[in-house]
Amino acid sequence: MGKNRIPHWLLGSTLFFFFLGCQPGRESPKVIQGILDLRQWNFQTDGNIHLDGEWEFYWNRLLPDTNPKEQTSSISYIKVPSKWDKGRNVSHKYPSYGFASYRAKVLLPEANTQLSLKISSISSSYTLFVNGKEISKGGNTGKEESEYSPGYKPGVFSFISDKPELEIIIHVSNYKYSNGSGIWNPIQLGSVADIQQLSLRATMLDSITFGTLFVMSLYHFTFYLMRRRDPSALFFAVLCMCIALRVSFYGERIFYNVFPLFKNYEFSVRGEILFLFLLLPGTILYVQSIFKEQFKKDKVFNIIFYLSLLLVFSAAFLPTKLFTMSFFINSLEIMMLGILTYLFFRLAFMSIKKIEGARICFFSLVVNLITVANDVLYLNKFIDSFYMVHYGVLALVLSQCVLLASRFSKGFVLAEDLGVELKKLNINLEQIVVERTENLNESLKLLKGDLSLAKKLQQKTLPTLNLNGKNVSIHPYYLPMSEIGGDYYDIFELEPGYFRLFLVDATGHGVQAALLTMTIKAEFESIKFTKDEPSRILELLNAACCQKYRSINIIFSAVLADIDLNNNVLYYSSAGHPPQVLKQKQEGADYLYSRGPIIGLKKEATYKNVTVPLLPGNRIFFFSDGIFEEFDQEKKEFGENRVLSILSRNTGIQEVAEDLISELQIFVGPRGFQDDVTLLAVEVH
């Protein structure tokens, strides 16, 4: 049953539209050489009639003409409906811009007959005369462009014929619309009641189509606002709105008598063409949103999409004479035909592969192709039918609504199934939570114990010095971001009056960084008592780390300083560490600069040694970058300038160090430190 579903759809829809279009009926008389013989026609029983056929055509003349030479000239005939400058029914083509008169005589069964004419649109201005009386006028017809103004005036126009024949004359002029001039659409003649009923039915059909599409557009746009993860609802809303507005600008022009703006020719033509051009990119975006995997990167779709945007641009911004040229309309027809043909085969293949939604889209495409083919054949008088494009549009909208509704329904069903599963899980959820909470508490207890032990061990590794009787005082401050940190320092007396300070800032935080510092400490212990310049000690440490730990990528910055109180000299070297601070003068402090690569990057790294004389009262501040790279709640950095300003104060060195730590804690606020903070405050006496 499932395998034969598509053939049943195709067969049913094809037969439906075939029998609907091929209606039997009486052969309608045609206008032959300007005369329509209706003496045997009964408007009450036979109905309305189209005034199709060979009308008299007078190029560059507005009848009645008093010039006897032109009156005696040979009469030309033209097919109605057709465009006088193009089309299959036109044997002799005239210039697009100019003026002309159409004339036809209608022989009636009797005199004093009350009749009506139904006119859709004539390009691009007209004046209608019946038996010499002006009945209707759209715009101003004129022999010169300065006398002319375009205008639409569709509608039903009633009159009483006081004799058994009608002389219908239509003046037409066009200097504005480029895609054809003259009487495009059929003109219908019939009894007042029948013509008005025909117009009412057509208006109701357009209104129903517009209302349905407009409501569908609002509904799917609202649905998209509530669920923006799926853009198909948005593109379908845009597509429905474009079709709805196209209906309002074309056919019965349902808003012509409601809104004065619709009577403006420029506005009507631009809206009619613009929303026609928007259908192509709208269709492409919608299909791509429905079948993302199949069409998202489709080259044919993408090329036609960008070309269609050029058409939309032309209708939106170019003058009327340009965007109504046949080039733009024909380009749209070619691209639309190409994309529909391409879609036909792609959707057929996808339907065979049973891709979700492909069958519904394929069905709606076939229905639209049938209705379009019917309208083309009917317009060119190959079959006796009526316009069906409205039914095709409604079929498209309804089928896509079914497609979107089915997808949404599957989503709701899935949500319901997940809800049922969730309820089942909730039955034992409380017990599971209790058990897992107990397990987590036990793990957390063990982790806290391990961290507490690690903190104690790390604190034990930090040096304690007895500097009584020495000419130097050192005040260390170590504040890790968490329980344990990635900063490490060592202070020891290499020989009497000669002190060495080593400060490390390992990459990362917490347990990982703490383990790195232990590795660094182990390597430093083997070379810390080497009597050499600080730069040489850093080179030895770098070589050892690169050789032993290259596979685990140990990288850290460090600063090494020797304070020689015997000679009052500071020897200083840095490995990628920020500049430290030296306060020699009463009024301020300066940075100590020594450039060198971070340890662990390259094996053959070299470092520079800086020598600075020391005097009693000089202060040296060694710290990690966590001092000035802390941020407040507004993402503002504490900064080097602020650090330098605080360390320049002339109060006691311990007070200065504590002020720096205190102001830093106030600056970061409740969020706390974002990095480990280490400060070594040294003063020479």
Side-chain angles (χ1 to χ4, degrees), residues 446-464 476-492 500-530 534-561 572-580 594-607 622-631 661 664 668 672-680:
L446 292 173
L447 182 59
K448 285 183 176 180
D450 293 342
L451 287 176
S452 177
L453 178 59
K455 181 178 180 181
K456 293 177 181 179
L457 290 174
Q458 190 177 48
Q459 292 290 340
K460 288 292 184 180
T461 61
L462 299 177
T464 57
Y477 298 88
Y478 178 62
L479 293 88
M481 187 182 73
S482 55
E483 292 289 328
I484 53 178
D487 288 356
Y488 166 73
Y489 68 89
D490 193 5
I491 306 170
F492 57 95
R500 178 165 286 176
L501 290 85
F502 181 56
L503 177 60
V504 170
D505 185 359
T507 56
H509 310 287
V511 176
Q512 178 184 0
L515 291 174
L516 290 179
T517 60
M518 294 299 100
T519 303
I520 297 167
K521 172 179 168 53
E523 289 300 324
F524 182 67
E525 287 292 332
S526 64
I527 59 174
K528 62 186 291 186
F529 293 106
T530 302
S535 58
R536 179 57 183 162
I537 304 300
L538 291 180
E539 290 172 359
L540 294 173
L541 180 61
N542 176 72
C545 290
C546 289
Q547 181 179 357
K548 296 181 180 179
Y549 308 108
R550 180 175 295 274
S551 60
I552 60 175
N553 198 26
I554 289 184
I555 299 175
F556 59 94
S557 67
V559 60
L560 185 65
Y572 167 80
S573 185
S574 173
H577 210 69
Q580 309 297 282
S594 176
R595 301 183 182 276
I598 292 177
I599 292 177
L601 286 181
K602 57 181 181 178
K603 187 175 181 180
E604 302 298 329
T606 58
Y607 300 92
F622 301 94
F623 46 82
S624 60
D625 58 9
I627 288 285
F628 52 80
E629 290 185 354
E630 297 291 341
F631 295 87
I661 299 298
L664 185 61
V668 299
F673 294 141
Q674 298 100 53
D675 196 0
D676 302 320
V677 173
T678 301
L679 173 64
L680 304 178

| said: Please find the pair of heavy atoms, one from L538 and one from F502, that lie closest to each other, and give the distance. | reply: CD2-CE1, 4.4 Å

| query | Does any non-hydrogen side-chain atom of P463 lie less than 4.5 Å from one of Y489? | reply | yes

| request: Give, for atom CZ of F524 and atom CG of L540, the distance between the pair rounded to the nearest 0.5 Å. | output: 11.0 Å

| request: Working to the nearest 0.5 Å, report the span between CD1 of I520 and CD1 of I599. | output: 7.5 Å

| task | Please check if any side-chain donor atom of Y572 sits under 3.5 Å from a side-chain acceptor atom of Q580, or the reverse. | result | no

| said: Could you report the tightest heavy-atom contact between E523 and A544, atom names first, then the distance? | reply: OE1-CB, 3.6 Å

| What are the two closest non-hydrogen atoms of P476 and L680, and how far apart are they? | CB-CD2, 3.6 Å

| What is the distance from atom SG of C545 to atom CG of L601, rounded to the nearest 0.5 Å? | 11.5 Å

| query | Taking all atoms of both residues into account, what is the closest heavy-atom pair of P597 and A605, and its distance? | reply | CG-CB, 3.6 Å

| request: State, to 0.1 Å, how close D490 and E525 come at their nearest heavy-atom pair, and which atoms those are. | output: OD2-OE2, 4.0 Å

| remark: Heavy atoms of S573 and S594 approach each other most closely as CA-OG, 3.7 Å

| message | Could you measure the distance from the CD1 atom of I598 to the CD1 atom of I554? Nearest 0.5 Å is fine. | response | 14.0 Å

| message | Would the distance check show the side chain of E539 and the main-chain N or O of Y607 forming a donor-acceptor pair, the cut-off being under 3.5 Å? | response | yes

| said: Less than 6.0 angstrom from the centroid, inside 45 degrees of the normal: does K521 satisfy that with respect to the ring of Y488? | reply: no

| task | Mind checking the CZ-NZ spacing from F492 to K528? Nearest 0.5 Å is all I need. | result | 5.0 Å

| message | Using side-chain heavy atoms (C-beta onward) and a distance below 4.5 Å, is T530 in contact with R536? | response | no

| L501 CG to I491 CD1 distance, which is reported to the nearest 0.5 Å | 4.5 Å

| request: Output yes when a side-chain donor or acceptor of Q674 lies under 3.5 Å from a complementary backbone atom of F631, and no otherwise. | output: yes

| Side-chain contact, heavy-atom cut-off 4.5 Å: F556 with L516? | no

| query | Can you check whether P480 reaches F673 side chain to side chain, under 4.5 Å on heavy atoms? | reply | no

| note | Exactly one candidate in D625, D487, D505 meets side chain to side chain donor-acceptor pair (under 3.5 Å) with T678; the answer is D487

| message | Counting C-beta onward and ignoring hydrogens, is there a side-chain heavy-atom pair between K548 and T519 closer than 4.5 Å? | response | no

